[in-house]
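Throughout, protein chains are lettered first and strands after them, A, B, ... in sequence-line order, and every chain is numbered starting at 1.
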2 protein chains.
Amino acid sequence: MTVHEHGRYSTGVEDLPYRSVPEAAVGRLAVYLRVLTSMIEQGVTTMSSEVLAGAAGVNSATLRKDLSYVGSYGTRGVGYDTARLVEHIERLLGLTRHHSIAVVGIGNLGHALANYPGFPDRGFPVTALFDVDEDLIGVPVGGLPVDHVDSIPAICAEREVTIGVICTPVPAAQGVCDLLVAGGVRCILNFAPVVLQVPDDVEVRRVDLAVELQILSFHQVRRGNGIGPVVEPIDPIAVSR
Amino acid sequence: MTVHEHGRYSTGVEDLPYRSVPEAAVGRLAVYLRVLTSMIEQGVTTMSSEVLAGAAGVNSATLRKDLSYVGSYGTRGVGYDTARLVEHIERLLGLTRHHSIAVVGIGNLGHALANYPGFPDRGFPVTALFDVDEDLIGVPVGGLPVDHVDSIPAICAEREVTIGVICTPVPAAQGVCDLLVAGGVRCILNFAPVVLQVPDDVEVRRVDLAVELQILSFHQVRRGNGIGPVVEPIDPIAVSR
DNA sequence: GCGACTTTGTTCCTGCGTTCACAAGCGGCT
DNA sequence: AGCCGCTTGTGAACGCAGGAACAAAGTCGC
Ligand SMILES: NC(=O)c1ccc[n+]([C@@H]2O[C@H](COP(=O)([O-])OP(=O)(O)OC[C@H]3O[C@@H](n4cnc5c(N)ncnc54)[C@H](O)[C@@H]3O)[C@@H](O)[C@H]2O)c1
Ligand SMILES: NC(=O)c1ccc[n+]([C@@H]2O[C@H](COP(=O)([O-])OP(=O)(O)OC[C@H]3O[C@@H](n4cnc5c(N)ncnc54)[C@H](O)[C@@H]3O)[C@@H](O)[C@H]2O)c1
């Protein structure tokens, strides 16, 4: 059991001030939010759980239960007021204020993220870029100049960065992570295929594309959709040598 | 070896020729695989579940249970033979053959993916690129020329593409998805923030970065680490208007 | 060769998450 | 105004995943 010095609450996330919301539900709520905003742009003012669930790709009972974490803001016999629902979901997800993002490692992936307008549009302004490559320092990417990694702690603290995005090669990821934590960043999105070690009060989410591909590969083979010759059984004698 | 007696589950996933492996376990096995290959490169030939679990960031009991889906290839009192374990995990995940990838939408993100060496290195060669932009057609990206989206069905079938990666803007995603399915692609990795509608035998995995950020935002706020004033209660009268 | 130690593989159990099902509530229709 | 049909919100059941604990099994030291 890994009990670190930071482990204030040992039983996980029990002592929450509000009703406990399952992690899986939080992710789905973010999806509902996007569907709803898209619907609102099309002039939809009311939606039933059945329709919204269909658009979000989930069971309608699951959707209603998820929304019950937000509160009871539907009207029986009618459905949900889209605008009001958006407001309350945003509140629950903490989107009532902006969360500054810092991107570290302005290579192929970092460039794409730094230029992506979808983040600032959703309340996640990119306010700092970092790299170790001298040729990149000072160069503006997406309108923001790149700073040196050494200044991560100072700049992150100064600009109140709440989310750090790591797009560096694997060997640099842990060091960059430590710098972000030193700068007060408590939420990290990690694209480097490595498991980061962080204090208990830091939340890391990993986006691992190779793992996604391998899960797809598993389903492909398991499903028997193999195109070529696929899985020949291992010869136990040859294996045990 | 042990088939659960009270659990002949038909969880939507049809008749499996082997023991049923939980989806979550599949994802973790892919992580173990990477840790193991990295360790093998460093000359490690044997690992205990405790050490491997630490490196992968999971509980050691969970790790052993996951490995039990693969089979019993450990040695009590010693640990696991790294090379042998890699071989068997790759077999389970269907990595004994290559899975051709097609990337559709060669914009910022598509460029990054097409140039990423980590995919071919892991047995996922990128064999087709598509876009609708005439200026891009024929231009080589990562050594491979871009083809027109209209040729998706023909080229995917011809090159036996098994995984399609969608990096187009949201409005184009569903159409591109349909073309991929028409070309025989049964596994799709979707970066566009939209829920795709597909036949039952097509597996879609969505990589939704905005959702990831919003989950982080939720934890940040829930944790009380807010920097500014954050969640003031909604005035019910003002809301109901 | 034997005992003690190490580590696996598995079993049991607890808790979460999803789904079913239905009563309660609301609007519209007559 | 009152009834009818539709939709929400939730209580209960169920299936699954994760963690603790332990017995079996094999190794290493002596
Ligand atoms: N490109 C992709 O499509 C893709 C896909 C999956 C995963 N990834 C992962 O994302 C990460 C970045 O990928 P990429 O393709 O952008 O790589 P890249 O090589 O194009 O860019 C890496 C950047 O990180 C910078 N860097 C190196 N060391 C650094 C340090 N110590 N501090 C700060 N910056 C540093 C480099 O200067 C470079 O600009 C890698 O870990 C890769 O495995 C990328
Ligand atoms: N860039 C990012 O960091 C990022 C992050 C999260 C999500 N996304 C999502 O990924 C997708 C791509 O993002 P991007 O930044 O690369 O966008 P982009 O605008 O840079 O590239 C989109 C590409 O798709 C092509 N395209 C347009 N319509 C097409 C069609 N019908 N068929 C084929 N190709 C078509 C365009 O020509 C362009 O090359 C978007 O849906 C975006 O929301 C991107």
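- The NE2-C1' distance, from H88(A) to dT8(D), rounds to 16 Å in whole Å.
- E90(B) is linked by a salt bridge (charged side-chain N to carboxylate O under 4.0 Å, His left out) to nothing, counting only residues two or more places apart in sequence or in another chain.
- Judged purely by atom type and a 3.5 angstrom limit, T96(B) has no side-chain atom pairing as donor or acceptor with the backbone of R91(B).
- Across the protein-nucleic acid pair, E50(A) atom CD and dA21(C) atom P stand 14 Å apart, rounded to whole Å.
- Applying the salt bridge (charged side-chain N to carboxylate O under 4.0 Å, His left out) test to R122(B) and every residue at least two apart in sequence or in another chain returns nothing.
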Legend entry - Sugar-phosphate or base contact per nucleotide [nucleotides 23-30 of chain D; S, B, -; heavy atom under 4.0 Å]: -BBSS---
Inset, instruction - Please test C177(B) against I166(B) for side-chain contact (heavy atoms from CB on, under 4.5 Å), starting from the C-alpha separation and ending with a verdict. - result: CA-CA 7 Å; C177(B) 174; I166(B) 297 179; 3.9 Å; yes
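- For F191(A), the ring-ring contact (aromatic ring centres under 6.0 Å, His included) criterion is met by no residue, not counting sequence neighbours.
- A close approach under 4.0 Å does not occur between any side-chain nitrogen or oxygen of Y80(B) and OP1 or OP2 of dT6(C).
- Against DNA chain D, the stretch residues 60-67 of chain B makes heavy-atom approaches under 4.0 Å through A61(B), T62(B), R64(B), K65(B).
- Contact check, Y69(B) against dT10(C): no side-chain N or O comes under 4.0 Å of OP1 or OP2.
- Side-chain N/O atoms of S49(A) include one lying less than 4.0 angstrom from OP1 or OP2 on dT8(D).
- Checked against salt bridge (charged side-chain N to carboxylate O under 4.0 Å, His left out), R64(B) has no partners two or more places apart in sequence or in another chain.
- Atom CD in E23(A) sits roughly 13 Å away from atom P in dG18(D) (whole-Å rounding).
- Between L52(B) atom CG and dT6(C) atom P there is a gap of 20 Å when expressed in whole angstrom units.
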Sequence neighbours excluded and cut-off under 3.5 Å, please list the side-chain donor-acceptor pairs for residues 167-176 of chain B, or say none.
residue: Q174(B); atom: OE1; partner: Q197(B); partner atom: N; Å: 3.0
residue: Q174(B); atom: NE2; partner: D178(B); partner atom: OD1; Å: 3.0
residue: Q174(B); atom: NE2; partner: Q197(B); partner atom: O; Å: 3.0

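- Between the P atom of dT10(D) and the CG atom of N59(A) lies a distance of 17 Å, rounded to the nearest Å.
- Remark: P of dT8(C) and CZ of R84(B) are 14 Å apart, rounded to the nearest angstrom.
- Within the structure, the side chain to side chain donor-acceptor pair (under 3.5 Å) test picks out no pair touching residues 36-48 of chain B (sequence neighbours left out).
- Applying the salt bridge (charged side-chain N to carboxylate O under 4.0 Å, His left out) rule to D208(A) yields the partners R206(A), R34(B); only residues at least two apart in sequence or on another chain are considered.
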